[in-house]
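Structure record follows, encoded as structure tokens.
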Amino acid sequence: VLSLAVIGAGRIGAVHAASVAAHPGAELRLVADPVGSSAETLAAQHGARATTRVEDVLEADDVDAVIICSPTPLHVDQIIASVAAGKAVLCEKPVDLSLERVDRCLAAVAGQEHRVMMGFNRRFDPSVAEIHARVRSGEIGALEQLTIISRDPAAPPASYVAQSGGIFRDMTIHDLDMVTHFLGDVVEVSAVGQQLDADIAATGDFDAAVVTLTTASGAVATIINSRHCATGYDQRLEAFGPLGSLQLTNPTATHVRHFGATRAEATGPHLDFFLERYAADYRAELDHFVASVVAGTAPVPGLADGRAALVLADAATRSARTGERVRVDAAAVATH
Ligand SMILES: NC(=O)c1ccc[n+]([C@@H]2O[C@H](COP(=O)([O-])OP(=O)(O)OC[C@H]3O[C@@H](n4cnc5c(N)ncnc54)[C@H](O)[C@@H]3O)[C@@H](O)[C@H]2O)c1
């Protein structure tokens, strides 16, 4: 049984703590958060110890691996310290908002990169994983177009947006990871940002965007994002090739459909947000992490994938600000 600690007992920390507690091959030993009440509440839910000091996690002999769920600016230092303490790491996305700091992290853990996994949960979504496997099997022929629609139900507060690194590094980063996962040979990025929300515009950021990514093979990926969506969490994906397409649609909480004189196929709304829509992903992601650590193999996605997504996010940010099409170093993005 792998012994784990959760660092950061916020929204996503609670999700991971619950997944660890439910995993037959894992045990939650420790929860660390400088806000003592947060650490204690989460730890108590799962029979773990609580601490306000991350150092206690690093020094704990009975902790083999950590899940870093702290705010993004803390990830790099906590990855480096955890690896140095001999712990395996599952770190929430993104690695950092600065490529320079990501590179510092890679240099600091050189030789130990295989001990770090990045929490790009969508790769582990059962439907995404199925589409990925079926594309790889050749079912629709060589991928020609990948289209991702990713809209949040409602925008976070402008105060969050102001320190988020911008929509491309904060939100699009999940979709950019999907593109590297499916295509991986991106050579050019073009992006258009929209400012439809006055509060977000006041921070200088965009609240919606369309990104086009061209690959060396000629396939093109399109990402469509919005910080708001009246129909709920809108998460769709289409892989299109010469033999057909594979489409991921939005699930609803019920399989029941109402048919009447004024409408057909009516059902409940889309699932509200990531905790509901992607609940299965977080469990599958943890399962891959635990299996990799136990087997001593490198989990995927790793730090290089975290870097690749940030390279693309930086390129999209530049393109949206300047109107340029931005070339990217294919070697930096092709991680596998
Ligand atoms: N993969 C996903 O679907 C997903 C979803 C949400 C958030 N995230 C990522 O997870 C991270 C956390 O986001 P969140 O929404 O849970 O934030 P949050 O604000 O809800 O939680 C962060 C927690 O970290 C704690 N913290 C602050 N300083 C700390 C320190 N030095 N050491 C340990 N903990 C500390 C805070 O007290 C808080 O409890 C971010 O990097 C975010 O990008 C990923």
Side-chain angles (χ1 to χ4, degrees), residues 5-19 30-43 45 50-58 60 63 66-82 85 87 89-98 101-102 105 116-125 128 150 152-157 159-178 181 227 233 235 271-286 288-289 301 303 305-306 309-310 313:
V6 165
I7 298 178
R11 281 189 310 173
I12 203 73
V15 172
H16 287 303
S19 298
L30 202 50
V31 176
D33 196 300
V35 179
S37 57
S38 302
E40 275 157 29
T41 305
L42 187 58
Q45 278 168 18
T51 177
T52 54
R53 299 173 65 251
V54 175
E55 296 76 21
D56 288 346
V57 173
L58 305 178
V63 169
V66 301
I67 308 183
I68 298 177
C69 308
S70 55
T72 300
L74 303 172
H75 291 179
V76 164
D77 289 344
Q78 290 178 345
I79 290 171
I80 295 172
S82 301
K87 317 290 186 200
V89 176
L90 168 57
C91 181
E92 262 310 331
K93 50 55 62 178
V95 188
D96 196 85
L97 299 177
S98 139
R101 281 174 53 79
V102 173
C105 183
V116 183
M117 175 172 167
M118 287 309 300
F120 284 119
N121 57 282
R122 289 185 202 167
R123 292 189 184 216
F124 297 92
D125 185 68
V128 170
S150 179
D152 285 353
S159 56
Y160 170 88
V161 171
Q163 51 76 50
S164 69
I167 191 169
F168 301 108
R169 296 186 190 92
D170 181 56
M171 179 175 169
T172 319
I173 197 123
H174 276 292
D175 310 303
L176 295 167
D177 180 64
M178 280 287 93
H181 186 42
R227 286 283 195 188
Y233 195 35
Q235 298 285 292
L271 298 181
D272 187 51
F273 210 179
F274 59 91
L275 297 181
E276 294 81 11
R277 170 62 185 88
Y278 289 136
D281 305 21
Y282 301 113
R283 291 193 294 269
E285 175 182 89
L286 178 74
H288 176 69
F289 179 62
L303 269 179
D305 298 285
L310 188 60

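We count residues from 1, following the sequence as given. Numbering of ligands and ligand atoms starts at 1, following listing order.
In summary, Asp177 and Arg122 do not engage in a salt bridge, as defined by a charged side-chain N under 4.0 Å from a carboxylate O. For the pair Lys93 and Asp305, the salt-bridge criterion is not met [side-chain N within less than 4.0 Å of a carboxylate O].
When all heavy atoms of Pro94 and His75 are compared, the closest pair comes out as O-ND1, 2.8 Å.
Side chain of Thr172 to main chain of Ile167: a donor-acceptor pair is present (N/O by atom type, distance under 3.5 Å, no hydrogens or angles). Not one N or O on the side chain of Asp56 forms a donor-acceptor pair closer than 3.5 Å with the backbone of Thr51.
Side chains of Glu276 and Tyr233: a donor-acceptor N/O pair is absent below 3.5 angstrom, by distance only.
Using a 4.0 Å heavy-atom criterion, the residues that approach ligand 1 are Ile7, Gly8, Ala9, Gly10, Arg11, Ile12, Asp33, Pro34, Val35, Val54, Cys69, Ser70, Pro71, Thr72, Leu74, His75, Gln78, Glu92, Lys93, Pro94, Gly119, Asn121, His174, Phe274, Tyr282.
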